[in-house]
Protein chains: 2
Amino acid sequence: MARTSLLDDNLSSQACADCPIRHRAVCARCEQHELDRLEAIKYYRSYEAGQTVIWSGDRMDFVASVVTGIATLTQTMEDGRRQMVGLLLPSDFVGRPGRLTAAYDVTATTDVVMCCFRKKPFEELMARTPSISQRLLEMTLDELDAAREWMLLLGRKTAREKIASLIAIIGRRDAALSLRSAGNDLTFDLPLTREAMADYLGLTLETVSRQISALRKDGVILLEGKRHVTIPDFDRLLEEAGDDSDGGLLA
Amino acid sequence: MARTSLLDDNLSSQACADCPIRHRAVCARCEQHELDRLEAIKYYRSYEAGQTVIWSGDRMDFVASVVTGIATLTQTMEDGRRQMVGLLLPSDFVGRPGRLTAAYDVTATTDVVMCCFRKKPFEELMARTPSISQRLLEMTLDELDAAREWMLLLGRKTAREKIASLIAIIGRRDAALSLRSAGNDLTFDLPLTREAMADYLGLTLETVSRQISALRKDGVILLEGKRHVTIPDFDRLLEEAGDDSDGGLLA
DNA sequence: CGAAATCCTTGATATAGATCAAACCGATGG
DNA sequence: CCATCGGTTTGATCTATATCAAGGATTTCG
């Protein structure tokens with residue numbers, strides 16, 4: 001719960017990290033975003049890995065944007081079964097304008113810094129500034145598409161396909177962030193424990209572990225330690241994932 | 001593919017059926033919607049039960065709102081595995097501003113009438129009329145919540161819970177449409193074949209059939225014929241569905 | 001340094017749901 | 001009236017994944 005006040009300069013490596021609006025690439029519209037007004041109502045907050053940002057049902061009087069780190073949205077049934085329903089990377093938006101309480105548990109998977117906005121003034125700003133609604137609409141539509149892809153995975157893919165899909169998704173987002181374009185030999189760290197992956201994929205952690213081992217044995221992925229992955233052939237991975245090969249990065 | 005031009009009067013039983021913006025209840029904001037301009041660019045189109053409205057990947061130069069009937073959004077893998085990712089009831093919105101091609105197969109499950117808007121002028125109208133973006137954002141956020149609920153179902157619920165959940169969802173939406181409030185003894189028709197339910201739930205049609213039989217045998221639902229359901233005790237059904245009992249109608 | 005805690009892997013077994021197969025039911029049409 | 005067809009039910013069997021169980025690797029902490 002440590003509250004940290006960061007200088008904006010610390011964040012400048014992240015394009016537009018200081019506004020809650022995500023941009024696909026370089027920010028071409030910043031001038032529209034009335035940063036002055038945003039300045040007045042925003043604050044930064046940091047969370048340690050493993051810390052819960054907010055519990056489902058809790059009062060949530062802010063919206064936020066992830067600046068650094070990775071957070072998850074999960075739903076839990078009374079008997080403890082858990083399903084991840086959102087994976088939040090830097091620049092992703094958290095919270096829903098017009099809702100009083102959190103609908104999901106939000107958890108910091110790694111150390112996380114969030115840029116928060118008190119909800120009331122943010123909503124007033126939204127009402128005055130159409131470009132915010134419009135941008136938020138685009139982002140929400142992207143998330144809806146991702147959710148639907150995820151539904152196909154949950155409903156119809158085998159355990160092996162699920163694992164391959166997740167690794168592809170993480171690899172792709174990672175590649176996008178680090179500007180390494182379609183170059184081969186993608187390498188990155190899995191930011192999730194086996195259990196979190198299981199919650200993402202609707203599997204048990206044992207099955208996750210077994211399938212990762214199987215993909216390694218079959219040469220689809222290379223593993224250094226338990227978390228560091230390199231993909232020798234991304235198309236092969238996509239095949240294993242059962243995906244249409246289009247790539248799907250851009251809507 | 002028959003193109004039908006309906007008089008608006010035919011649709012008046014549906015609140016705001018003639019605009020693409022869904023309202024939760026009675027339309028309190030119609031005056032904001034610039035119906036005059038919408039008038040100029042809209043047209044109606046009807047589809048027969050079973051007909052495909054549009055195939056994934058096809059060029060889609062309109063957006064639309066379901067006026068009557070039920071349509072589905074499905075994703076298909078190369079080997080034919082299918083997952084439903086959207087169930088469209090009257091007043092639901094179809095299509096994505098800013099996208100050229102359809103991302104999913106859209107199929108009419110019953111006879112369907114849609115109110116269509118050519119995309120280009122609709123987008124121009126959106127740009128000029130903030131309330132449309134704002135309303136669309138609200139609707140999309142609702143859909144995202146529904147998708148996340150659906151993800152929990154797909155990833156973690158048992159077959160019996162999935163069936164109970166689906167029946168509860170349909171019953172609830174049906175009750176909402178027909179103004180029958182929380183009155184007991186909810187009765188309605190399942191608008192989906194067993195196969196479509198299977199595609200919704202990530203099951204096979206045989207499992208769907210078996211679990212429906214089981215729920216009938218256990219008195220959770222009553223069946224008349226193959227489609228007509230009555231729910232003697234909605235809370236019991238929700239219990240079977242593994243849901244938090246809150247109801248969840250309003251965000 | 002040793003103990004405890006996480007996280008992960010692997011094995012043995014159980015089971016929910018898939019698959020394969022057959023037959024039923026109600027509607028439609030010749 | 002019978003044949004056909006789409007949708008459905010039910011049975012027998014198979015299998016992918018869950019569950020139960022044990023142990024290995026790292027890190028954390030006293």
Side-chain angles (χ1 to χ4, degrees), chain A residues 48-51 77 79-83 107-111 153-167 189-218 221 223-229 240 242, chain B residues 48-51 72 77 79-83 107-110 153-167 189-218 221 223-229 240 242:
Chain A
E48 290 168 28
Q51 207 180 352
M77 295 171 68
D79 62 4
R81 280 176 282 174
R82 286 160 48 86
Q83 175 65 50
T107 311
T109 286
T110 63
D111 289 351
L153 177 152
L154 289 171
R156 295 303 189 190
K157 289 191 176 179
T158 65
R160 170 181 262 246
E161 288 169 337
K162 286 178 175 182
I163 295 288
S165 299
L166 176 57
I167 293 175
D189 278 317
L190 295 172
L192 302 175
T193 65
R194 301 292 188 258
E195 188 179 27
M197 291 188 235
D199 285 343
Y200 187 112
L201 300 171
L203 297 172
T204 59
L205 68 93
E206 292 96 330
T207 298
V208 169
S209 180
R210 278 186 243 276
Q211 295 298 336
I212 289 180
S213 298
L215 289 177
R216 179 177 45 63
K217 195 171 303 174
D218 297 347
I221 61 174
L223 264 186
E224 239 174 308
K226 294 154 194 302
R227 297 289 193 93
H228 193 77
V229 177
E240 292 286 352
Chain B
E48 291 168 28
Q51 208 179 350
T72 63
M77 296 171 67
D79 62 4
R81 279 175 284 173
R82 286 159 50 85
Q83 176 64 50
T107 311
T109 286
T110 63
L153 178 151
L154 289 171
R156 295 303 188 189
K157 290 191 177 178
T158 65
R160 170 181 262 246
E161 288 169 336
K162 286 178 175 183
I163 295 288
S165 299
L166 176 56
I167 292 175
D189 277 318
L190 295 172
L192 301 174
T193 65
R194 301 292 188 259
E195 188 178 28
M197 292 189 233
D199 285 343
Y200 187 112
L201 301 171
L203 296 171
T204 59
L205 68 93
E206 293 95 329
T207 298
V208 169
S209 180
R210 276 185 245 274
Q211 296 296 337
I212 289 180
S213 298
L215 288 177
R216 179 177 44 67
K217 195 170 305 174
D218 297 347
I221 60 173
L223 263 187
E224 239 174 307
K226 293 152 194 304
R227 297 290 193 92
H228 193 77
V229 177
E240 292 285 353

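Atoms considered below: every heavy atom in the structure, side chains included; atoms not considered: hydrogens, waters and symmetry mates. First the proteins, then the strands, lettered A, B, ... as listed; each starts at 1.
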In this structure, how many angstroms lie between the [atom2] atom of [N] and the [atom1] atom of [X], rounded?
X       : N       : atom1 : atom2 : answer
E206(A) : dG24(D) : CD    : P     : 17 Å
L223(B) : dG7(D)  : CG    : C1'   : 14 Å
R81(A)  : dT17(D) : CZ    : P     : 18 Å
R210(A) : dT15(D) : CZ    : P     : 18 Å
K162(A) : dA18(D) : NZ    : P     : 7 Å
K226(A) : dG24(D) : NZ    : C1'   : 8 Å
E195(A) : dA18(D) : CD    : C1'   : 15 Å
K217(B) : dT9(D)  : NZ    : P     : 12 Å

Does the side chain of [X] reach to within under 4.5 Å of the side chain of [Y], using non-hydrogen atoms?
X       : Y       : value
L203(A) : R210(A) : no
I212(A) : M197(A) : yes
L190(B) : L166(B) : no
D218(B) : R160(B) : yes
L223(B) : V229(B) : yes

Worksheet item: Out of dT19(D), dT8(D), dT17(D), which has the shortest distance to the side chain of L203(A)?
Response: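 Out of dT19(D), dT8(D), dT17(D), the nucleotide with an atom closest to L203(A)'s side chain is dT17(D).
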Worksheet entry | From dT19(D), dT17(D), dT9(D), nucleotide with atom closest to T204(A) side chain |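 Of dT19(D), dT17(D), dT9(D), dT19(D) is nearest to the side chain of T204(A).
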Using a heavy-atom cut-off of under 4.0 Å over every strand shown, decide if [X] touches base, sugar-phosphate, or nothing.
X       : answer
G50(B)  : nothing
R227(B) : sugar-phosphate
T193(B) : sugar-phosphate
G202(B) : sugar-phosphate

Worksheet item: For DNA chain C, which nucleotides open and close the run of contacts to chain B, 5' to 3', at under 4.0 angstrom from a non-hydrogen atom?
Response: dG17(C) to dC20(C)
Practice prompt. Taking all non-hydrogen atoms of both residues into account, name the closest pair between R227(A) and T193(A) and its distance.
Written response: NH2-CG2, 3.4 Å
Worksheet item: Is it true that atom CD of E195(B) has more than 12 heavy atoms of other residues, nucleotides or ligands lying nearer than 6.0 Å?
Response: no
Discussion item. Both L205(B) and Q211(A) contact DNA chain D. Taking the nearest nucleotide for each, which residue is further toward the 5' end?
Written reply: L205(B)
